[in-house]
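Notes follow once the structure below has been shown.
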2 protein chains.
Amino acid sequence: MRPREFDHDDVLRIAFDQFWRKGVRGTSLSDIARDAGVQRGSLYNAFGSKEALFLTAYERYASDYLGSVQKALGSGTLRKRLTAFFDLTIKNLRSGSPPRGCPTTRGLMELASVEGEGLDETARKMFADLVARITGLVQQAFSEGVERGEFNGDPETAALHIVTVTRGLAVLERAFGDEAQLRKIARHTVDLVLGNR
Amino acid sequence: MRPREFDHDDVLRIAFDQFWRKGVRGTSLSDIARDAGVQRGSLYNAFGSKEALFLTAYERYASDYLGSVQKALGSGTLRKRLTAFFDLTIKNLRSGSPPRGCPTTRGLMELASVEGEGLDETARKMFADLVARITGLVQQAFSEGVERGEFNGDPETAALHIVTVTRGLAVLERAFGDEAQLRKIARHTVDLVLGNR
DNA sequence: ATAGTATTTGACATGACGTCAAGAACGTGG
DNA sequence: CCACGTTCTTGACGTCATGTCAAATACTAT
């Protein structure tokens with residue numbers, strides 16, 4: 001076996017960063033190859049296609065991100081948990097300079113086209129899966145809140161509402177880029193759901 | 001002057017439909033030209049570029065859509081107005097078969113990339129403008145609700161929250177495509193904001 | 001050492017966007 | 001009524017993207 005001349009993980013990091021900044025369709029393999037100091041052909045050999053490279057790179061991100069969501073939602077009062085979750089969400093979609101928005105939401109809206117047979121459908125499932133898992137974690141936080149008398153209502157509906165707001169924040173971020181506004185909406189939402197204080 | 005051999009508006013409709021279905025970057029001018037029975041060159045002559053064609057086509061949609069939002073939010077109790085607004089939102093993003101999602105949200109997330117100088121920034125402003133106008137209309141509905149004693153709270157914050165939820169619905173639609181779930185979230189949001197009935 | 005195998009590399013095919021010059025169709029002024 | 005100019009159309013071209021392939025290359029394991 002001839003040894004690979006580049007680091008698999010380095011390329012994945014570089015690729016994800018480019019995809020995040022410029023979108024999947026807006027990023028060419030030549031860009032990534034140049035940035036990584038690799039020949040384009042080597043990327044095809046290692047990953048198969050641009051789509052496959054994206055999926056692999058995104059999976060790394062998704063698993064990391066899910067971990068931090070779990071951590072944010074894992075301890076403290078329900079109010080603390082939700083606040084931490086919103087903080088994490090906003091921090092994520094305002095990361096980078098200039099900020100890059102939410103990779104999941106951006107990817108989902110960009111790739112989940114209608115005709116989608118090939119990648120589009122695979123990618124859609126991946127994004128949808130992440131959103132579903134996150135919703136599950138939020139729902140669990142609400143359920144525990146019910147047990148502790150911090151919340152009375154349907155945990156599933158409440159979780160869906162919270163996650164919907166976070167996805168909406170990802171959209172508003174692209175539209176306005178006003179972080180203070182995003183925080184205001186987040187605070188308002190928590191107050192609305194849990195009562196004013 | 002040689003007369004144009006195709007209908008300007010027909011092409012805009014066809015183009016917007018394609019952009020909506022497959023995304024801006026996912027649609028080629030050849031596709032549109034074939035669909036419209038026009039030579040690709042004619043499109044360049046008439047509109048200048050793919051981006052310009054998209055902007056023109058989108059502007060038509062935006063102005064129509066803003067009109068229907070205005071209508072939905074224009075009369076009845078505040079609860080009726082918000083419900084009509086959510087109904088319109090969901091109907092819009094579930095239109096077509098298969099459903100095509102929200103063109104504004106999809107376009108915004110697809111095009112509002114970071115490097116964005118040229119089109120990206122122009123398009124971003126256009127999308128952001130529509131979202132801002134809609135927010136204004138919702139805010140006005142809340143303000144009138146305050147005057148009539150149907151609501152007490154900050155209209156601006158409330159409007160931002162509502163619009164955030166509608167943008168979030170556009171994202172969840174792509175992820176899950178479950179219309180009943182979207183309606184449930186919408187109903188829950190109205191109840192949350194206006195009190196349980 | 002050598003044979004085998006995976007990686008690299010460069011050439012190629014296809015299809016996208018966009019430009020350009022030449023041709024075609026129509027109004028208009030003599 | 002005819003030639004002229006303006007606009008639209010058409011096809012060829014350049015560039016850059018994705019993806020494939022065969023040949024060259026550099027290790028590993030026998």
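None of the values given here were measured: they were computed from a predicted structure. Within every chain, numbering begins at 1; the chains are lettered A, B, ... in the order of the sequence lines, protein sequences first and strands thereafter.
Side-chain to base pairing of Arg2(A) with dT8(C): no donor and acceptor N or O lie closer than 3.5 Å to each other.
Here dT15(D) presents its P atom at 21 Å from NZ of Lys50(B), a figure rounded to the nearest Å. To the nearest angstrom, C1' of dA26(D) lies 14 Å from CG of Asn45(A). In this structure, Arg34(B) places its CZ atom 8 Å from P of dA16(C), rounding to the nearest Å. The separation between Leu43(A) atom CG and dT8(C) atom P is 9 Å, rounded to whole Å. What separates CD of Gln39(B) from C1' of dA22(C) is a distance of 15 Å, to the nearest Å. Rounded to whole Å, atom P of dC16(D) lies 18 Å from atom CD1 of Ile32(A).
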Tabulate below the donor-acceptor pairs under 3.5 Å that side-chain atoms of residues 67-75 of chain B make, not counting sequence neighbours, or state none.
residue: Ser68(B); atom: OG; partner: Tyr65(B); partner atom: O; Å: 2.8

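Closest to the Glu51(B) side chain, of the nucleotides dG18(C), dG19(D), dA6(C), is dG18(C). Of the candidates dG19(D), dC17(C), dG10(C), the closest approach to any side-chain atom of Leu29(B) belongs to dC17(C). The side chain of Pro3(A) approaches dC27(D) more closely than any other nucleotide in the set dA25(C), dC27(D), dT9(C). With distances taken from any side-chain atom of Arg40(A) to the nucleotides dT9(C), dA24(C), dT18(D), the minimum falls on dT18(D).
Ranked by how close their nearest DNA chain C nucleotide is to the 5' end, Glu5(B) and Thr27(B) are led by Thr27(B). Each of Gly41(A) and Tyr44(B) lies near DNA chain C, and the nucleotide nearest Gly41(A) is the one positioned closer to the 5' end.
Contacts of Phe47(A) with the nucleic acid, taken as non-hydrogen atoms under 4.0 Å apart, are absent.
Around CG of Asp9(A), the count of heavy atoms belonging to other residues, nucleotides or ligands within 6.0 Å exceeds 12.
Contact annotation: Ser42(A) side-chain N/O to dT7(C) OP1/OP2 distance is not under 4.0 Å. Arg4(B) has a side-chain polar atom (N or O) that falls below the 4.0 Å cut-off from OP1 or OP2 of dC8(D).
For the pair Arg4(B) and Phe6(B), the distance from NZ or CZ to the six-membered ring centre is under 6.0 Å and the angle to the ring normal is within 45 degrees.
In terms of the ring pair (Phe, Tyr, Trp, His ring centres under 6.0 Å) criterion, residue partners of Phe16(A) (sequence neighbours excluded) are, by chain and number, Trp20(A), Tyr61(A).
Between Tyr58(B) and Phe127(B), the two ring planes are perpendicular [angle over 60°; tilted spans 30° to 60°].
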